[in-house]
Every structure is written in C-alpha cells, then in structure tokens.
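Since the model is a prediction, treat every value here as computed from it, not as a measurement.
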2 protein chains.
Amino acid sequence: MALDHAILVSLLEQPGSGYELARRFERSIGYFWTATHQQIYRVLKRMEGDGLLDVREVPQQGRPDKKEYSVAGPGRAALAQWLRDPIEPESLRHDLAVKIRGAAFDDPAALVREVERHHRAHSGRLAHYLAGESRDFTGPGAPAPLDAGQELQHVVLRGGIAYERMTIAWLDDVLETLHRITARGPGA
Amino acid sequence: MALDHAILVSLLEQPGSGYELARRFERSIGYFWTATHQQIYRVLKRMEGDGLLDVREVPQQGRPDKKEYSVAGPGRAALAQWLRDPIEPESLRHDLAVKIRGAAFDDPAALVREVERHHRAHSGRLAHYLAGESRDFTGPGAPAPLDAGQELQHVVLRGGIAYERMTIAWLDDVLETLHRITARGPGA
DNA sequence: AACCCCATGTAACGGGTTACATGATTCT
DNA sequence: AGAATCATGTAACCCGTTACATGGGGTT
C-alpha cells in the first residue's frame, strides 16, 4: 500500500488538494507511481480520518473551493516508520514480454507495429525526462548546489532516464529479432 | 488482465497442471509476470468454464492426481486476438523511488542498508538470468540454430538481463548520492 | 517427530480501474 | 456553442494478496 506513502511524500514536498495531487501523479511522482483522482480522494479521506493529514478549506474566486491537505504529526511518523520497514525488490509486470513470447504461436511480424508504438512512447518519455532534468537540475536556470531533497529527486529522475534508455535499446533488439525470424520464413 | 494470456502462452509452450503453472510463475514466465497458485486455480477454472482450456485428469502413483490443462481452439483464438489489440506502454510502480524521495524528510543514511539489500537481490537475479541464458541459448549444450520460439524467449530474457544491469548501475548511483549528501551533514 | 513437496482449493479483504455524476468558469 | 479546466465525489467490478484448509508421500 505505497499510495499512502507516495501521497505523504508529495504533500511534504508541497501541500495541496486532491485535484492537485492527481495532476502531480501525471508527472513528477507519477513517473514511478500512478494513481487516478478517484483513488486519491478515497485515500485522502481515509488518511484524514486516521489523523495522518490536516485539511484546510480554501475558498477561491472563479473556481470551486478546494481542500488543502498537509501532513500532520502522525502522518510524518507513519512515513518514518515505513522508511524503516524493508520492502521486497519488486518484480516486473511486463505485458509486452508476454506478447513477445506469445507471438511464437501466432504471427511474429504482426507485433512489429506494436513494438514500434512502444518504442515511440518510451522515446517521448525519455525526451520529457531529459527536458525536466535540464530545467530542474543540470541546466543554466537550475539551483546549484542542490540541497539534499533536490539531490534525491535528481537521482530518482536519473533512474527514470536509465530505465527509458535501457527499454529503448531493448525494443531495438526486439525489432531486430522479429525481423530476423520473419526474414527466414515461417517454416524455419 | 494479462494473467489469462500469460497462462495461455505458458500452456501453449507446455501443457500442465495448476501446480506446475504456479512453479513456472516462480521462474521463466514469472520473470516478467507473477502469480500465486490461488490466482492461478481461480483463473484456470474460469477459463475452462469459458471453453478456452481443455482438462485431462491424470492419475499418478505416490502423488495426488493432477488436472492437466491445455489450450483449446477458442483459447488460441483469444490469444491471437489479444496479440492484435494494442496495449499501453506500462508505467513503473517503484516503491523504492518513493522511499528515496521520502528520505529527504527523514534520515537519508538509514536508507543505505535497504538500498544495499536491493542491490544484492538484483545481482542475484542477474546471475540467475545469465546462468539460464548460457544453459538455454548461448552455452555449449544449447541448440543452434534456435527456432523462432527460442529466439523470442531469448530476446525476452535479454530484456530481463538489461533491466537487472540497469537497475544495479542505478542503485550504485543511489548509494553514491546518499553518501554524498550525508557526508556534508544534515544541515547542508 | 518435524518438515518439505505435491496438489487442490475456499474465504475475506483491499487496492486499482472504469464508468458515471455534478457544476462553475474560461477559452476557442 | 462547445470544449477544456478546476474541483469533488459515488458505485461497481475485478484483480491480487493473505490466511486458512486438506491430505498423502518422502526426507532428515
């Protein structure tokens, strides 16, 4: 149940409403943990009920009021406890790998389009991450030296960049392999 | 719902019982898709009810009888259809990244142990994958040339190897970063 | 005697996804 | 006029996880 903790981290970095959190989960923290607004509202309500979060109703003009959440003392303690609990190194859930193995029982050539789509998607993400890295950490406008929080955000982003680069290289390998086995014909 | 399809692929590669499938999901296909036996039995029953699988009761001596499942015609068609449906490039779910960002609000040094544990786990997996690669695909006892199915299994395994190598390198980066920010003291 | 392996299951719970719903404001 | 943005929610469903249950056979 790491959504709770992802929300705690995000609210410690910056308090905000459920709606704002939902948008952060589309970028930034969402690069390595996803959540929809329905989930977020549900969890915020529960965490508030458990005393982990404080709420403040913020009236706004020209927009609906919002509830600004921030981390309460017990929430901070819960995060600290979680940081001390070991977690299991996670295993992959990779649909595309299942498809690739499944292609042996169908038409491997039909997968080329799909793999190319994924290749484009990952290239797009990589470009996006690199732009963010330059903007926030390595570019001319970025703060230097970085504080501890920024260093940690940066190393997480470097992980995302490494992941996308690795994935793109692997998808190239997959495409090459698909071409190789289809070139020699279905009977080989 | 890719568990269904992972099961179809695995049963096409080799028919087997729920128990055998559960063990395959601890290695092989389990490298990129996990499932417990409870899940597998539930899904097998449903898929059999839907006519996607055939069952054969196999009596055994000295062991409980088993139900050997194999893919029926409609199951093969369902897999072919799924292979044609585009899937979304998946997003990561990376607890450790959440922890790393969260460490900014606690003690970053306390994470070193945890990161080292993950490093060891991934190194172990890499060694395991490399042994499998040598045994099945590149070593002296491996078949050559590989058929299409083997080529596809190999490229998926290369993906796992690339993932573990990338992860290990990133964890080195994380450790270095943690040391750097703790060396300069909590107030920096 | 204790424990692991083979083999199959049920039950309960919780998290994630999808669909639906509301309503004001701002932009094209 | 229509679409997008801000903002919050309910409801239903499915999937995954955890715990519990059974029972024979082999191993230490």
Can you tell me the distance, in whole Å, between the [atom1] atom of [X] and the [atom2] atom of [N]?
| X | N | atom1 | atom2 | value |
| --- | --- | --- | --- | --- |
| B:D95 | C:dG16 | CG | P | 10 Å |
| B:E26 | C:dC5 | CD | C1' | 12 Å |
| A:Y41 | D:dA11 | OH | P | 17 Å |
| B:E48 | C:dT8 | CD | C1' | 14 Å |
| A:Y19 | C:dT22 | OH | C1' | 15 Å |
| B:Q61 | D:dG26 | CD | C1' | 15 Å |
| B:E90 | C:dG16 | CD | P | 16 Å |
| B:H37 | D:dC20 | NE2 | C1' | 10 Å |

With a non-hydrogen cut-off below 4.0 angstrom, is A:T34 in contact with a base, only sugar-phosphate, or nothing? nothing
Remember a base hit wins even if backbone is also touched, and classify A:Q60 as base, sugar-phosphate or nothing at under 4.0 Å, heavy atoms. sugar-phosphate
Report yes if a side-chain nitrogen or oxygen of [X] is closer than 4.0 Å to either non-bridging phosphate oxygen (OP1 or OP2) of [N]; otherwise report no.
| X | N | result |
| --- | --- | --- |
| A:K45 | D:dT8 | no |
| B:Q39 | D:dT17 | yes |
| A:R23 | D:dC6 | yes |

Kindly say whether B:D147 contributes a backbone atom to a donor-acceptor pair with the side chain of B:Q150 at under 3.5 angstrom? yes
Under a 4.0 Å threshold between the charged nitrogen and the carboxylate oxygen, would A:E114 count as salt-bridged to A:R117? yes
From D:dG16, C:dT17, D:dT8, nucleotide with atom closest to A:T36 side chain: C:dT17
Could you check whether the rings of A:F137 and A:H154 sit parallel, tilted or perpendicular, using 30° and 60° as the cut-offs? parallel
Geometric class of the A:Y31/A:H128 ring pair [parallel <30°, tilted 30-60°, perpendicular >60°]: perpendicular
Closest nucleotide of DNA chain C for B:P64 versus for B:R93: which of these residues is on the 5' side? B:P64
On DNA chain C, nearest-nucleotide positions of A:V43 versus B:G18: which is more 5'? B:G18
Position toward the 5' end of DNA chain D (nearest nucleotide), A:R42 or A:E68: A:E68
Assign each of B:W33 and A:K67 to its nearest nucleotide of DNA chain D by heavy atoms, then name whichever residue's nucleotide is nearer the 5' end. A:K67
For A:L79, the option from A:L52, A:V71, A:L11, A:L12 that meets side chain to side chain contact (heavy atoms under 4.5 Å, CB included): A:L12
